[in-house]
Colleague: 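First the structure, then my questions, so here it is.
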Amino acid sequence: MAKDRLPSQSEDFPAWYVEVVKRAGMAEHGMAKGTMIIKPHGYAVWEHIQRALDDRFKATGHENVYFPLLFPMSLLEKEAEHVEGFAPEVAIVTHGGGQELEEPLVIRPTSEAVIWNTYKNWIQSYRDLPLLYNQWCNVLRWEMRTRLFLRTSEFLWQEGHTAHSTSEEAQEETLRMLEVYREVAEDELAVPVLPGRKSPKERFPGAVDTYTIEGLMRDKRALQCGTSHFLGQNFAKAYDVQFSNKDGELEYAWATSWGFSTRMIGGVIMTHGDDRGLRLPPALAPVQVVIVPIYKTDEERGSVLEVANKVKDGLTGALIRVKIDDRDQHRPGYKFSEWELKGVPVRLEVGPRDVEAGQVVMATRTGGDKQQLAVGDAISGMAGVLDRIQTELYQDAKSFREDNTHEATDFDTLREGLEAESGFWAGPWCGDEACEKKVTAETKATIRFLPIEREDPGGSCVVCGRSGTERATWARAY
RNA sequence: CGGGGCGUGGCGCAGCUUGGUUAGCGCGCCUGCUUUGGGAGCAGGAGGCCGGCGGUUCGAAUCCGCCCGCCCCGACCA
């Protein structure tokens, strides 16, 4: 059938990914290395993700702010671990207005520095706390190797930065936002994720604890889908942010930060996509239902489009995002393939035979045979169909993850398992970074997460055999 | 940073080894006709500083030098 097919996932997953991103009109490379042009179809997906997150941020009491792209180099240098972690990937502006600058400016790789240097002025009393702010922005991190959406030098994200009067409150905030991420990933993006805590080695520079939600892509590699950090008093101390408590004593503020980026668009593509292209969950799909009219004569065109418009109006009335593809220059078969490539969940075909029978033909992107439906039923039942597709995508991905999650009882099992096909491998770990590094050196896998609450792994370290203190989950990751 | 590849109409490529006068092909685009229920066919047409700079030569897409950029693999990466 189809000419001009995509590379298949099983033969060459990276080639499949790049092709699908480009051909589906999601994004293309920018003019400078590591930059990305996000096209309308890709940006519309991002807008739905933004809406899903932002609504929940507001519902949990947060407000949006905007901090500058540029700030003095010296600001970044105040938190030792932070600057050490980010120094290699920071871009520095040295010239402006045709002159060399007296003090170089950094382009933000993240905004803790500029924000905490400002919070210093906003926080004096416990009555000023908590500060629950978020910003939507771009950041820049010089990367050696880049991939569209998954790792680009410049990317879009949101970064939440909160300040609290107690450690407990900040820790609650950290986990509250992790839960928001989990909910958005699973309920909106239909990407099943596992929440967890990062090992010290994988922690955000400057954090006391980093939490993550991790997904498993169709090539059995893990993807960090969002992170939430408990920063303790590290940044308050570095930027001198103190407040008077109820007893009139000065205390350093407690901090969190949390981020979710355009990387997750890559996560959606790699979680749901198949050899025909994208499969977008209805909650995110810019177009949820596409109507393809089929006709030969002008007369047929008129009657077919009349029905198509009636269906469109009915669906629009039900708050469903619908589009009629009435382009004349393509035949129906071409349109079917193109909309499948773009991941539209439901396609309705309306031809002369359907007009006569008062019906439409429905095909869903999650498969099954085409169905014939009465026009009225297609309209009234569409919300249910979309819900079903949303659930199917989530359940398929969840089954896939479960089928590829394994228990490692000894080092050989872990090593051979990871070499053979990655997936998640869970097992006891002693907590020693040496053992962590040994696994990475031999298998390229990293510890993706530990349980949020430390739990007895019920066995000895799979690497060294000493008593286990953590239950670690390993995988090769993006 | 190391290894490899590539830069030629919008996209994908050929031509370069063995320099030669109108630089080809496919897709796409424009016009017309026929088509339209799984990626249409025919005919006509438009569109190119051959990545940049310099050199060799009567003559350079082609040979030489330098530079720029991108992609892939590795090292690296919250």
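It should be emphasised that the depicted structure is a prediction, and the values quoted were computed from it without experimental measurement.
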Colleague: Please tell me whether R176(A) and T174(A) have a donor and an acceptor in their side chains that are separated by less than 3.5 angstrom.
Modeller: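 Per modelled atom types, R176(A) and T174(A) side chains form no pair under 3.5 Å.
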
Colleague: Do T443(A) and E419(A) get their side chains close enough for a donor-acceptor pair, meaning under 3.5 Å?
Modeller: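 There is no such pair (donor and acceptor under 3.5 Å, judged by atom type) between the side chains of T443(A) and E419(A).
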
Colleague: To the closest 0.5 Å, what do you measure between CG (D219(A)) and CZ (R476(A))?
Modeller: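 Reported value, rounded in 0.5 Å steps: 10.5 Å.
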
Colleague: In whole angstrom, give the distance that lies between atom NE2 of H29(A) and atom P of C11(B).
Modeller: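 That distance rounds to 14 Å.
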
Colleague: Tell me whether the guanidinium CZ or amine NZ of R263(A) lies under 6.0 angstrom from the six-membered ring centre of F155(A) and within 45° of its axis.
Modeller: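 Relative to the ring axis of F155(A), which defines the angle, R263(A) lies outside at least one limit.
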
Colleague: What about E338(A), does its side chain sit under 3.5 Å from the base of G38(B) through a donor-acceptor pair?
Modeller: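 Checked by distance alone, the answer is no.
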
Colleague: Pick base, sugar-phosphate or nothing for E81(A), based on heavy-atom distances below 4.0 Å to the nucleic acid.
Modeller: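 Counting heavy atoms under 4.0 Å across all strands, no contact is made by E81(A).
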
Colleague: In terms of side-chain heavy atoms, does E214(A) have a donor or acceptor partner in T212(A) at a distance below 3.5 Å?
Modeller: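 A donor-acceptor contact under 3.5 Å links the two side chains.
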
Colleague: What contact category does K370(A) fall into here, base, sugar-phosphate, or nothing, at under 4.0 angstrom with non-hydrogen atoms?
Modeller: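 It contacts base atoms.
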
Colleague: Check RNA chain B against residues 199-215 of chain A and give the residues with a non-hydrogen atom under 4.0 Å, in numerical order.
Modeller: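 Residues of residues 199-215 of chain A under 4.0 Å from RNA chain B: E202(A), R203(A), F204(A), P205(A).
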
Colleague: What residue among H229(A), Q158(A), H161(A) forms side chain to side chain contact (heavy atoms under 4.5 Å, CB included) with W258(A)?
Modeller: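 By the side chain to side chain contact (heavy atoms under 4.5 Å, CB included) criterion, W258(A) pairs with just one of H229(A), Q158(A), H161(A): Q158(A).
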
Colleague: Say you pick atom P in G5(B) and the same atom in A40(B); how far apart are they, in whole Å?
Modeller: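 One P to the other, the span is 38 Å.
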
Colleague: Just by distance, do the side chain of R448(A) and the backbone of L223(A) share a donor-acceptor pair under 3.5 Å?
Modeller: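 A pair under 3.5 Å: no.
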
Colleague: With a sphere of 6.0 Å drawn around CH2 of W142(A), does it hold more than 12 non-hydrogen atoms of other residues, nucleotides or ligands?
Modeller: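 Not buried by this count: 12 neighbours or fewer within 6.0 Å.
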
Colleague: Can you list the steps and then say if E186(A) with R182(A) is a salt bridge (Lys or Arg N to Asp or Glu O under 4.0 Å)?
Modeller: CA-CA 6 Å; E186(A) 297 200 325; R182(A) 186 205 60 75; 2.5 Å; yes

Colleague: Over how many whole Å does the gap from I37(A) atom CD1 to C70(B) atom P extend?
Modeller: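 About 13 Å, once rounded to whole Å.
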
Colleague: Which pairs, protein N/O on one side and nucleotides 75-77 of chain B N/O on the other, fall under 3.5 Å?
Modeller:
{"unit_1": "C77(B)", "atom_1": "O2", "unit_2": "R151(A)", "atom_2": "NE", "d": "3.2"}
{"unit_1": "C77(B)", "atom_1": "O2", "unit_2": "R151(A)", "atom_2": "NH2", "d": "2.9"}

Colleague: What is the nucleic acid contact for P352(A), judged by heavy atoms within less than 4.0 Å: base, sugar-phosphate only, or nothing?
Modeller: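 Base contact - P352(A) has a heavy atom under 4.0 Å of at least one base atom.
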
Colleague: Return yes if some donor-acceptor pair links the side-chain N/O of T440(A) with the main-chain N/O of A445(A) below 3.5 Å, else return no.
Modeller: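 Checked: pair present.
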
Colleague: Checking all strands, does V292(A) fall into the base, sugar-phosphate, or nothing category for heavy-atom contacts under 4.0 angstrom?
Modeller: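 Touches nothing.
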
Colleague: With rounding to whole Å, what would you report as the distance between G44(B) and G51(B) at their C1' atoms?
Modeller: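 Result for the C1' pair: 34 Å, nearest Å.
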
Colleague: Quick one: D298(A) CG to U36(B) C1', roughly how many Å, whole number?
Modeller: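 After rounding, the gap between these two atoms is 12 Å.
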
Colleague: Quick check: any donor-acceptor pair below 3.5 Å linking the side-chain of R347(A) to the base of G38(B)?
Modeller: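 Such a pair is found, so the answer is yes.
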
Colleague: Considering only atom P, compute the distance from G2(B) to A46(B) and round it to an integer number of Å.
Modeller: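 Going atom to atom, P in each nucleotide, I get 48 Å.
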
Colleague: Can you give the dot-bracket line for RNA chain B, where a pair is Watson-Crick or G-U wobble with both atom distances under 3.5 Å, crossing pairs use [ ], and | marks a partner on another strand?
Modeller: ((((((((.[[[[.)....(...]]]].((((((.....)))))).....[[[[[..)....]]]]])))))))....

Colleague: Which whole number of Å gives the distance between the C1' atom of A14(B) and that of G48(B)?
Modeller: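 Each nucleotide's C1' atom is 15 Å from the other's.
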
Colleague: If only atom types and distance count, is the side chain of K342(A) paired as donor or acceptor with the main-chain N or O of R279(A) below 3.5 Å?
Modeller: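 Looks like no, no N/O pair under 3.5 Å.
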
Colleague: Is any side-chain nitrogen or oxygen of H330(A) closer than 4.0 Å to OP1 or OP2 of U36(B)?
Modeller: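 For U36(B), neither OP1 nor OP2 has a side-chain N or O of H330(A) closer than 4.0 Å.
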
Colleague: Starting at CD of Q359(A) and ending at C1' of G37(B), how long is that distance when rounded to a whole Å?
Modeller: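 The distance from CD of Q359(A) to C1' of G37(B) comes to 12 Å, rounded to the nearest Å.
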
Colleague: Going by atom types alone, do E159(A) and S111(A) pair a side-chain donor with an acceptor below 3.5 Å?
Modeller: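 Yes, because at least one side-chain N or O of E159(A) sits under 3.5 Å from a partner of the opposite role on S111(A).
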
Colleague: Would one find a side-chain N or O of R331(A) under 4.0 angstrom from OP1 or OP2 of A40(B)?
Modeller: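 Yes.
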
Colleague: The side chain of S337(A) is closest to which nucleotide in this list: G38(B), C71(B), U35(B)?
Modeller: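 Per side-chain heavy atoms of S337(A), the pick is G38(B).
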
Colleague: Does a donor on one side chain sit under 3.5 Å from an acceptor on the other, for K198(A) and Q224(A)?
Modeller: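 Result is yes, a qualifying pair exists.
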
Colleague: If you assign each of R147(A) and E349(A) to its closest nucleotide in RNA chain B, which residue comes earlier from the 5' end?
Modeller: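 Going by which nucleotide is closer to the 5' end, it is E349(A).
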
Colleague: Between C70(B) atom C1' and M36(A) atom CE, what is the distance in whole Å?
Modeller: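 In whole Å, C70(B) C1' and M36(A) CE are 17 Å from each other.
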
